[in-house]
Colleague: 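This is the structure, below, for whatever I ask next.
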Amino acid sequence: MDLFLQQVLNGLTLGGIYSLVALGLTLVYGILHVPNFAHGAFYMAGAFVSFHLMKVWGLNYWIAMLGSALCVAMLATLAERLVFNPLRNASGLHPMIAAIGVLLFLEASAQAIWGADFQRMQTPYTGIIELGGVTAPVQRLLIIAGAFSLMVALQLFLKKTVTGSTIVAMAQNRDGASLVGIDANRVTMLTFAISGMLAAVAATLYAPINLVYPAMGNLVITKAFVIIILGGMGSVPGAIAGGLIIGFAESFGAFYLSTDYKDIIAFGLLVFILSVRPQGLFTKGSN
Amino acid sequence: MNFLLGKPGWALLFALGLAFPFIARNDYHLTVMSTAYIFALATVGLNLITGYTGQFNLAHSGFMAVGAYTVGILTVDHHVPFWIAFALSGVTAAMLGFFVGIVSLRLKGHYFSIFTLCVGYIMFLVIEKWESLTHGTVGIIGIPAPSPIGPLVFESPRTLYYLVFFFLVLGVWVMHRIVNSLLGRTFMAIRNSDDLAESLGINLMRNKLLAFMLSVFYAGMAGGLYAGFVRFLGPGIAGVENTFDMTMYMLVGGLGTLLGPLLGSLSVPWLTQYLQFLQEYRFIVFGPILVLLVIFLPHGIVGTYMGWRMRRHPQAQAGAAAAPVAAAQTQPEAGRA
């Protein structure tokens, strides 16, 4: 039973991180209908900026997280202005390839600046808490608390504020949103900034129990794609539910099946689900 | 310039390819060129599904790895003669492509790309983790060189160069026949509008699946050649970076043209050679180039040139320009370049 609860804890940790990354991806997809392959590079950049701020500038963990969120938000907005905005009328293939260009550029830049080595990020929270027989590292609890409060905050922002509603409106109907006077450019930039911010926070939360290296975003982003396909591209609740499904599948799969193949589980699940239901798990219409 | 188009241009390219070993100053240049040919063959295949049929397959390097590992595993662990293993490399990739295709081709557009991205990852992870079959991260060492055919012995870089060159020429010629046949036009019709194609009575699934299998057959063959040429294999060949490389080659030259992928996959590696101090960091330069190309030159070098020529000589196309046939008419033209 204790082992089972331990897996639940791991599943929540992984699921929280995956959901945050997938949320950024799904928001951008909702607005631009572009699968942003560069999102994993934003995630990686977030981890490296936090790492740099803490190690070289000696900043506090939370301030580093804030700084990295702002940096990556700026980076994402810049990418939108320079790359995706000129391509907004291009065919489906071209923005995808441009996103790959951004991804390759950011990855090579990170490697040039920080080297290809695996780095370890320090965290001030190294303690372990005993909860009814389950040992829980504080950092993991922090990830769960941080990820889920951010999700709630995002949901409130999208539902309760006018700025948030403009994003939802744009995702629902671009022309309709323009007709009621929503500035498409501003909303797109805002969406990219939010998605970058979410990626940076997720990376900073997760990095202390993982490693920091230039290719760290690749696996995470691929899983985030699996998640938003499961949850329906552009759907916010779908991204959260999908993130948790993949998180739990992985933590239980690693424990009960095989640690070696745990990364395949997410993709295997996707292949299986799409073979049975090509339209995704939660979507009603066809794609 | 016009005399370079069509048959004389191809003959010139062919002659250059034949003469290259006598121009090249050292074996290193031959090796670079042969490697470029192998990736060119795979890129020509990728172009069939992406450029001509409009489905962006991100698992292409996975299929190349399947071909390469077919040769590697059969020759090293089971002592199968090289040529039999090589013949099987394309077939294995195409067989696997059949099963991947029937699942993935039901999806459209972005969904297809993301799905194949995941399939590519599965292939990479399986190759890395299934140690009893693939030797895991250690890789397969000591793959035999292609065995002699009669008097032809493939030991020196020069003979290997001609071997690879032969398969590239064969591959491009077959591709030329495919894209200029009714089948090729069917693929292009699917790319231009699959709804319209379906309403014309084209069986979407069957044709897409055929394009996909042909495309990964090329990848498998290229992989088999790679195994025989490099004679060492690691899981890295299945990495998605290789697909990204091939996408770049295809895009630099021009999507959906026959010459484009060739031009891209032969010129970019040479450019990398001259930017050798960059090596690991080459994408700091190539990343932005890729973005700029997509924004300003979305049809690549060959595609842009074809468009420019068509505007210069509209009378050549005038007969075909009236009807909706125009779209179908200009495409094979682009394909022939």
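Every chain is numbered from 1, with letters handed out A, B, ... down the list of sequences.
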Colleague: What part of B:Ser104 gets within 4.5 angstrom of chain A, counting heavy atoms only: side chain, backbone, both, or neither?
Modeller: neither

Colleague: Run the side chain to side chain contact (heavy atoms under 4.5 Å, CB included) test on B:Cys118 and A:Val271 for me, step by step, so that the C-alpha distance in whole Å, both residues' side-chain angles and the decisive distance to 0.1 Å come before the verdict.
Modeller: CA-CA 8 Å; B:Cys118 295; A:Val271 171; 5.8 Å; no

Colleague: Less than 4.5 Å to any heavy atom of chain A: does that hold for the side chain of B:Val100, its backbone, both, or neither?
Modeller: neither

Colleague: Name the region of B:Ile102, side chain, backbone, both or neither, that has any atom closer than 4.5 Å to a heavy atom of chain A.
Modeller: neither

Colleague: Hey, is CZ on A:Arg81 packed in by over 12 heavy atoms from elsewhere, all under 6.0 Å?
Modeller: yes

Colleague: Taking side chain as everything from C-beta outward and backbone as N, CA, C, O, which of these in A:Ile97 sits under 4.5 Å from a heavy atom of chain B? Side chain, backbone, both or neither.
Modeller: both

Colleague: Once rounded to the nearest 0.5 Å, what's the spacing between atom CG of A:Leu219 and atom CG of B:Leu125?
Modeller: 6.5 Å

Colleague: Starting at CG of A:Asn218, measure out to CZ of B:Phe124 and round the result to the nearest 0.5 Å.
Modeller: 10.0 Å

Colleague: Measure the spacing between CG of B:Leu251 and CD1 of A:Ile100 and express it to the nearest 0.5 Å.
Modeller: 10.0 Å

Colleague: Decide side chain to side chain contact (heavy atoms under 4.5 Å, CB included) for B:Ile114 and A:Met96; before the verdict, give the C-alpha distance in whole Å, the side-chain angles of both, and the deciding distance to 0.1 Å.
Modeller: CA-CA 10 Å; B:Ile114 295 170; A:Met96 250 197 287; over 6 Å; no

Colleague: Are more than 12 heavy atoms from other residues, nucleotides or ligands located less than 6.0 Å from atom NE2 of B:His135?
Modeller: yes

Colleague: When rounded to the nearest 0.5 angstrom, what is the spacing between CD1 in A:Ile264 and NZ in B:Lys129?
Modeller: 8.0 Å

Colleague: Quick check: does any side chain N or O of A:His94 sit under 3.5 Å from a backbone N or O of B:Ile295, one acting as donor and the other as acceptor?
Modeller: no

Colleague: Measure distances from A:Leu103 to the heavy atoms of chain B and classify the residue's part below 4.5 Å as side chain, backbone, both or neither.
Modeller: side chain

Colleague: For A:Ala108 and B:Ile284, which heavy atoms make the closest approach, and how far apart are they?
Modeller: CB-CG1, 3.6 Å

Colleague: Grab the two heavy atoms, one from A:His33 and one from B:His110, that are nearest each other, plus how far apart they are.
Modeller: O-CE1, 2.9 Å

Colleague: Is it the case that atom CH2 in B:Trp270 sees more than 12 heavy atoms from other parts of the structure closer than 6.0 Å?
Modeller: yes

Colleague: Quick one: what part of B:Glu128 sits under 4.5 Å from any heavy atom of chain A, side chain, backbone, both or neither?
Modeller: neither

Colleague: Does atom CE (B:Met213) have a neighbourhood of more than 12 heavy atoms from anything else shown, all under 6.0 Å?
Modeller: yes

Colleague: I would like to know whether A:Phe225 and B:Leu117 meet side chain to side chain contact (heavy atoms under 4.5 Å, CB included); could you show each step before the answer?
Modeller: CA-CA 9 Å; A:Phe225 273 123; B:Leu117 179 73; 4.2 Å; yes

Colleague: Please name the pair of heavy atoms, one in B:Gly287 and one in A:Phe105, separated by the smallest distance, quoted to 0.1 Å.
Modeller: CA-CB, 4.2 Å

Colleague: Distance check, rounded to the nearest 0.5 Å: B:Ile122 atom CD1 versus A:Leu270 atom CG?
Modeller: 7.5 Å

Colleague: Would you indicate whether A:Tyr256, at its atom OH, is surrounded by more than 12 heavy atoms from other residues, nucleotides or ligands within a distance under 6.0 Å?
Modeller: yes

Colleague: Can you tell me which of A:Phe37, A:Tyr29, A:Phe267 forms the most heavy-atom pairs within a distance under 4.5 Å of chain B?
Modeller: A:Phe267

Colleague: Please rank A:Gly268, A:Ala98, A:Gly101 by heavy-atom pairs under 4.5 Å with chain B and give me the top one.
Modeller: A:Gly101

Colleague: Side-chain contact, heavy-atom cut-off 4.5 Å: B:Phe286 with A:Leu104?
Modeller: no

